Amino acid sequence: MKAGIVIFPGINRERDMAIALEASFGTAPRVIWHKDTNVAGLDLVVIPGGFSFGDYLRCGAMAAHSPIMRAVKAHAERGGYVLGVCNGFQILTETGLLPGALLRNASLRFLSMDCHLRVERADTVFTNQYQPGQTFRAVMAHGDGNYFADKDTLDRLEGERLIAFRYTTKAGEVTPEVNLNGSARSIAGIFSPNLRVLGLMPHPEDLVDPLMGGTDGKPLFDALAAA
Ligand SMILES: NC(=O)CC[C@H](N)C(=O)O
């Protein structure tokens, strides 16, 4: 699978994402500037985290209108893979590739800390190297990670099994105490209906090497590399 990373002004997590992808894929991802207009030849488009356009207006709202996003949308409509992490997830919701929105954290504070994610389904190209129901450690670093969608959308996401990850305790329990940003139904990440677009707030790329303090995020990149 050939991967590329899209960069917008203010994005700052592309190096970490490139290192994580290269460690699993064996080749460096293509780097694409937001003013480019095509993603031809790529199987996977990754939108990394950061502060695109300084988080002005709303996180991800301006990036969603960059020229490259038309090509990313067409790529997704053709059945291509897309991964959005943190600001990347926000950009995917603003683009309409994933439903809902990421609101200001319930505490109104920027949260920078470890969390545990429960794997809600492990039969996807992104998650098949985890076990269903398994928890893994990830790092959150965001001001606007409070996932919101209306009740019908949340019911549909649950009914169609499109919730990828939930914030839980290490033992896998959903509790309000560990849903630190206040996300609806403790949702940390969701899939598109064809399971080829994944957006999540915490950063799996932060834990892909023992030198980083853990490798809990590596199975996600290994799974993509093996697809
Ligand atoms: N690490 C990130 O991508 C942060 C996303 C966004 N700037 C926020 O604070 O919510």
Side-chain angles (χ1 to χ4, degrees), residues 3-21 29 31-34 44-66 68-69 72 82-117 126 136-149 164-167 178-191 197-209 212-214 216-218 220-221:
I5 299 180
V6 180
I7 305 181
F8 303 84
I11 284 291
N12 64 359
R13 303 305 313 280
E14 73 278 8
R15 282 285 304 149
D16 311 83
M17 186 59 81
I19 288 166
L21 287 166
V31 174
I32 306 159
W33 183 234
H34 76 114
L44 168 68
V45 176
V46 181
I47 309 189
F51 298 78
S52 58
F53 296 94
D55 283 348
Y56 279 95
L57 199 54
R58 278 190 312 277
C59 297
M62 292 173 76
H65 294 281
S66 277
I68 195 65
M69 289 314 293
V72 174
V82 182
L83 170 65
V85 173
C86 206
N87 199 205
F89 183 17
Q90 295 164 337
I91 293 167
L92 293 180
T93 61
E94 290 287 345
T95 309
L97 278 171
L98 290 171
L102 282 308
L103 307 183
R104 191 61 44 92
N105 293 339
S107 62
L108 302 182
R109 289 175 192 279
F110 191 94
L111 294 170
S112 178
M113 59 187 68
D114 284 2
C115 59
H116 282 92
L117 301 184
F126 297 94
F136 68 95
R137 192 158 61 91
V139 182
M140 61 162 81
H142 57 247
D144 294 48
N146 180 353
Y147 184 72
F148 171 85
F165 307 112
R166 279 191 161 92
Y167 300 104
V178 294
N179 184 16
L180 291 169
N181 55 29
S183 288
R185 302 188 195 181
S186 297
I187 291 171
I190 55 173
F191 295 112
V197 180
L198 169 64
L200 75 163
M201 282 313 292
H203 294 267
E205 75 277 17
D206 283 7
L207 289 171
V208 295
D209 187 297
M212 296 167 154
D216 282 28
K218 195 158 176 28
L220 188 138
F221 299 98

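Below, all heavy atoms of this structure are taken into account, side chains as well, without hydrogens, waters or symmetry copies. One-based numbering, in listed order, for ligands and for the atoms of each. Note that the structure is a prediction, hence the values are computed from the model and not measured. We number each residue from 1, following the sequence as shown.
Taking a 6.0 Å sphere around CZ of F110, one finds it holds more than 12 heavy atoms contributed by other residues, nucleotides or ligands. Counting heavy-atom neighbours within 6.0 Å of R104 CZ, excluding the residue itself, gives a total of 12 or less.
A donor-acceptor pair under 3.5 Å links the side-chain atoms of N105 to the main chain of G143, judged by distance alone. Counting only distance, with no hydrogens or angles, the side chain of R137 and the backbone of C115 share no donor-acceptor pair below 3.5 Å.
A salt bridge is absent between R58 and D144: the closest approach of a Lys/Arg side-chain nitrogen to an acidic carboxylate oxygen does not fall below 4.0 angstrom.
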Between ligand 1 and the protein, give all atom pairs where both partners are nitrogen or oxygen and the distance is under 3.5 Å, as lines of names plus distance to 0.1 Å.
residue	atom	partner	partner atom	Å
ligand 1	1 (N)	A141	O	2.8
ligand 1	1 (N)	H203	NE2	3.4
ligand 1	3 (O)	G50	N	2.7
ligand 1	3 (O)	G50	O	3.3
ligand 1	3 (O)	N87	N	3.0
ligand 1	7 (N)	G50	O	2.9
ligand 1	7 (N)	D55	OD1	3.2
ligand 1	7 (N)	D55	OD2	2.7
ligand 1	9 (O)	G143	N	2.9
ligand 1	10 (O)	Q90	NE2	3.0
ligand 1	10 (O)	G143	N	3.1
ligand 1	10 (O)	D144	N	2.9

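By the 30° and 60° cut-offs, the orientation of the rings of Y147 relative to F89 is parallel.
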